[in-house]
Peer 1: 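Let me begin by handing over the structure; questions about it come next.
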Amino acid sequence: MNGKFDVVWNAMISGYVQSGFIADALALFREMVSNGIPLDEFTYTSVLSACVNGGLFGLSKSVHAHAIRAGPNFSSYSALPVNNILITMYSKSGKVELARKLFDDMPLKDHVSWNAMLSGYVDAKLIDDALALFHGMSCMNQMAWMVMTSGFVNNGRAEEALALFNMMRGKGFEPCGFTYAGVMAGCADLGSLTAGMQLHAQVTRYGYESSNSAGNALLTMYAKCGVVEDAHQVFVTMCNLDSVSWNAMISAFGQHGYGLDAINLFNEMLLEGIYPDRITFLTILSACTHCGLVDEGYHYFNYMERHYGITPGEDHYARLIDLLCRAGRISEAQNLIQSMPFEPTSIIWEALLAGSRVNGDVDLALEVADRLFKAVPHLDGTYILLSNIYSSEGRYVEAANVRKLMRDRGVKKEPGCSWIEVSNNVHSFLADDMGHPEIDMVCRVLDLINAKITKLGYKPNTKLVLHAMEERDKEYVLSRHSERLAIGFGLLKLPVKAPIRVLKNLRICGDCHAAIMVMSRAFGREIIVRDVKRFHHFKDGECSCGNYW
DNA sequence: GTAGGGTTAG
C-alpha cells in the first residue's frame, strides 16, 4: 500500500460525509481498518465528523479511542483538526464543560477551534459564556459574528443581536447572507419594522437574491411585523424559491387569516414541482385552523400521508384537534385522540382544553385540566384557561380556587406584555403598568377612547376578568390591559393615518378584541395586533379573524 | 482531501 492509495480512501470518506451518506463513510472506514490501510489525521477527522453528523456519539468515542490506540502519533499540528471535531462532538453530546477542557488543553488552536467552542456554548444556551469567549477571541472572523448574533436571537435576546450586528459593521466586517438572516429573525421577534426595513436596504445592496436564507428571513420579518403585502413582494422577487420560502409564505398568509390564499399558494407550490414537507402541512393545517376551514383541514391531514408518505406527527394531530374543537366538533376531536397511533401527550391535551373553553364545556375542561396538572404541573396556561372557563360561567369561587392552587404550587402566570414601535424606539407596556414615562397621558387618552367607543356600542365583557370585584373595577381593569395601553400610546404618537402595529406576548383578550374593533371604526385607523398565535387586522369595525380565533 | 454556520413550523 503506498501513500497515494490512502489519500483516495480519505477522499472517498469525506465525499460520503459531505453528501450525508454517513453509513457508507463508516463502512469504508471499517474496510480501511481491516485492509490495514494507514490512517492519518484526515481519516480520523472525516470519520469523527461522520459520527457527529449522524448523532452517533458513542461510536465517535470508539473512533477516538481507536485513534489514540492504533492511530499515528499526532503532532500538535496534525492533532488540530481532530481536536476541533472533538470540541463539536463533546458539545453536541451535551458535554460543554468537557469541550472547554479540551479547548483549554489544546497546544495549538485556530479560528475553527474558537468558532467550534463558541457554537458549543450557543447550542447549550450558555449565551453569557459564549459572549465572554467571543470578547476574548484573538482570531475574530465573520463566522464568529454570525454565531454570536444568531445565538442572541435564538435565545430571545434580539436587541443584543442588533447591537452586535451594528458593532460588527462598525468594525468593517461584511455580513454574509446567514448573518443577515439571523439579525432579520431578530427584527421579526421584536416586531421592529424600522430596523427590518433598514436591513432590507442593506441586503438589497448586498444582493439577497444570491442568498435564500437572507431572502427567506426578510420575507418572514415582514410577515411577523404585520406587513404581509411586503412579505409577498419579497416572495415574488426572489429568484430561487426553495421549500422554506414556500413554507414561510404559506405560514404568513395563514397567520394573517388569509386561509384561502395559503391554500392557493400551496397548490401553486405543487404545480411548480416543489415537494411539500411536514412543515408545509403544519402550516397549511394552521392556516385552516385560523379560518375554520374544517373540511380542508381534514383533507390535507389525510392527503399528506396518502400522497406524500408523511406520517402525521403529534403536532399535526394537535392542529387538527384544535381545528375540530373550534368548530364545535368536540366528540370528533376526542375520537381522533382515541385513534392516534401513540399516547397523547400534553400538547394534545392543551389543544383539547383550549377547545373546551371555546365551547364552554366545563366538565370536559376539568377532566383534561386534571390530566395536564398531572403531566405538566407547572404549565401556567392550564390554570389560566380553567380559571377563565369558571369565570366566564360566573363560577367565581371555583375560579378563585384554581388560582389559589396555582399560587400554592408556585406557578406564576406569564404577565401580559404589549409593545409598539414609535420613531425607531420600542415601547413596552404591562397590564395596569405605571412604569412608562408618559403613562399619565396614555391613561387620559384611554379614558377618552373608552368614552367614544362606549357611545358607539362597545360594552365591556367583565366575565373575562378573573378576580371577584366590583363591576366598575372590572371595567377599569379591562381598559388597562397591556394591548390597550400600547394602542393608546400609538394613537397619541403616530401620524394621523399611520396604521398602528402592536405586539403581544399572550393571546389577545376577548374584551380587548371587541374594543379594538370599535376603535378601528371610531378613529378610522387600521390597527394590527400580533398576538402569540396569529395576527388580527382591525379595520372599519371588523377584524380579519372574523371573530374566530 | 480535514474541522466551525443560517432561514421556515412551535
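None of the values given here were measured: they were computed from a predicted structure. Proteins come first, then strands; the chains are lettered A, B, ... in the order of their sequence lines, and each starts at number 1.
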Peer 1: Which nucleotide in the list dA3(B), dT2(B), dG4(B) gets nearest to the side chain of D110(A)?
Peer 2: dA3(B)
Peer 1: Grab the CE-C1' distance between M184(A) and dT8(B) for me, whole Å please.
Peer 2: 14 Å
Peer 1: Working note: D315(A) + R319(A), criterion salt bridge (Lys or Arg N to Asp or Glu O under 4.0 Å); need CA distance, chi angles, decisive distance, verdict.
Peer 2: CA-CA 6 Å; D315(A) 35 8; R319(A) 295 282 196 302; 6.0 Å; no
Peer 1: dG5(B), dT8(B), dG10(B): which one has an atom nearest the side-chain heavy atoms of V244(A)?
Peer 2: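 So the side chain of V244(A) is nearest to dT8(B).
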Peer 1: Report the relative orientation of the aromatic rings in F21(A) and Y16(A); use parallel for angles under 30°, tilted for 30 to 60°, perpendicular for over 60°.
Peer 2: perpendicular
Peer 1: When you get a sec, tell me which of dG5(B), dT8(B), dT2(B) is the closest nucleotide to the side chain of V147(A)?
Peer 2: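 Shortest atom-to-atom distance from the side chain points to dG5(B).
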Peer 1: Quick one: is R319(A) getting a side-chain N or O under 4.0 Å of the dG10(B) phosphate, OP1 or OP2?
Peer 2: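 For dG10(B), OP1 or OP2 has a side-chain N or O of R319(A) closer than 4.0 Å.
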Peer 1: Kindly point out which of dG4(B), dG1(B), dT8(B) is positioned nearest to the side chain of S14(A)?
Peer 2: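 Among dG4(B), dG1(B), dT8(B), the one nearest the side chain of S14(A) is dG1(B).
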Peer 1: Apply ring-ring contact (aromatic ring centres under 6.0 Å, His included) to H111(A) and list each qualifying residue two or more places apart in sequence or on a separate chain.
Peer 2: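 If we apply the ring-ring contact (aromatic ring centres under 6.0 Å, His included) test to H111(A), skipping adjacent residues, there are no hits.
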Peer 1: Considering residues at least two apart in sequence or located in another chain, which fulfil the salt bridge (charged side-chain N to carboxylate O under 4.0 Å, His left out) criterion with R100(A)?
Peer 2: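 D104(A).
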Peer 1: Measure from CE on M117(A) to C1' on dG5(B) and round the result to the nearest Å.
Peer 2: 16 Å
Peer 1: Counting side-chain heavy atoms from C-beta on, which of dT7(B), dT2(B), dG1(B) comes nearest to D40(A)?
Peer 2: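 Closest nucleotide to the D40(A) side chain: dG1(B).
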Peer 1: Nearest-Å distance, CD (Q18(A)) to P (dA3(B))?
Peer 2: 6 Å
Peer 1: What nucleotide, of dG1(B), dA9(B), dG5(B), holds the atom closest to the side chain of M146(A)?
Peer 2: dG5(B)
Peer 1: Can you check the M238(A) CE to dT7(B) C1' distance for me, whole Å?
Peer 2: 9 Å
Peer 1: Nearest to the side chain of L282(A), which nucleotide is it out of dA9(B), dT8(B), dT2(B)?
Peer 2: dA9(B)
Peer 1: dA9(B) phosphate, OP1 or OP2: any side-chain N/O from K224(A) under 4.0 angstrom?
Peer 2: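 Indeed, a polar side-chain atom of K224(A) lies that close.
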Peer 1: Kindly point out which of dA3(B), dA9(B), dG4(B) is positioned nearest to the side chain of A116(A)?
Peer 2: dG4(B)
Peer 1: Has Q255(A) got a side-chain N or O lying under 4.0 Å from the OP1 or OP2 atom of dG10(B)?
Peer 2: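 Result: yes.
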Peer 1: Give a yes/no answer on whether the side chain of S251(A) brings an N or O atom under 4.0 Å of OP1 or OP2 in dA9(B).
Peer 2: yes
Peer 1: Give the ring-plane orientation class for H256(A) versus F535(A), where under 30° counts as parallel, over 60° as perpendicular and anything between as tilted.
Peer 2: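 Rings of H256(A) and F535(A): parallel, as their planes differ by under 30°.
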Peer 1: For the pair made of CE in M249(A) and C1' in dA9(B), what is the distance, rounded to whole Å?
Peer 2: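 Between C1' of dA9(B) and CE of M249(A): 15 Å.
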Peer 1: Using a 4.0 Å heavy-atom cut-off across all strands, classify E350(A) as base, sugar-phosphate, or nothing.
Peer 2: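 Nothing, no nucleic acid heavy atom in range.
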Peer 1: Have a look at Q142(A) and say if it touches a base, only the backbone sugar-phosphate, or nothing, with a 4.0 Å heavy-atom cut-off.
Peer 2: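 The answer is nothing, as Q142(A) stays clear of every strand by at least 4.0 Å.
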Peer 1: Taking only side-chain nitrogens and oxygens of S150(A), does any of them come within less than 4.0 Å of OP1 or OP2 of dG5(B)?
Peer 2: no
Peer 1: Looking at dT2(B), dA3(B), dT7(B), which one has an atom nearest to any side-chain atom of N154(A)?
Peer 2: dT7(B)
Peer 1: Provide, to the nearest angstrom, the distance between the CG atom belonging to D531(A) and the P atom belonging to dG10(B).
Peer 2: 12 Å
Peer 1: Under 4.0 Å from OP1 or OP2 of dT7(B): is there any side-chain N or O of N247(A) that close?
Peer 2: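 The answer is no; no side-chain N or O of N247(A) sits under 4.0 Å from OP1 or OP2.
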Peer 1: Would you indicate which nucleotide in dG4(B), dA9(B), dT2(B) comes nearest to any side-chain atom of I85(A)?
Peer 2: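 In terms of side-chain proximity for I85(A), the closest of dG4(B), dA9(B), dT2(B) is dG4(B).
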Peer 1: Please classify the nucleic acid contact of S286(A) as base, sugar-phosphate, or nothing, using heavy-atom distances under 4.0 Å.
Peer 2: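 Contact class for S286(A): sugar-phosphate only.
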Peer 1: Go through the side-chain N and O atoms of Y44(A) and H66(A) and say whether any donor and acceptor fall under 3.5 Å apart.
Peer 2: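 Indeed, the side chains of Y44(A) and H66(A) share at least one donor-acceptor pair under 3.5 Å.
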Peer 1: Could you give the CZ-to-P distance, from F74(A) to dA3(B), as a whole number of Å?
Peer 2: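 Nearest whole value for this atom pair: 14 Å.
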Peer 1: Could you give the CZ-to-P distance, from F165(A) to dG5(B), as a whole number of Å?
Peer 2: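 Spelled out: CZ on F165(A) to P on dG5(B) is 20 Å.
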Peer 1: Taking atom types as modelled, is there a side-chain donor on D277(A) or N247(A) under 3.5 Å from an acceptor on the other?
Peer 2: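 Yes - a donor-acceptor pair under 3.5 Å links their side chains.
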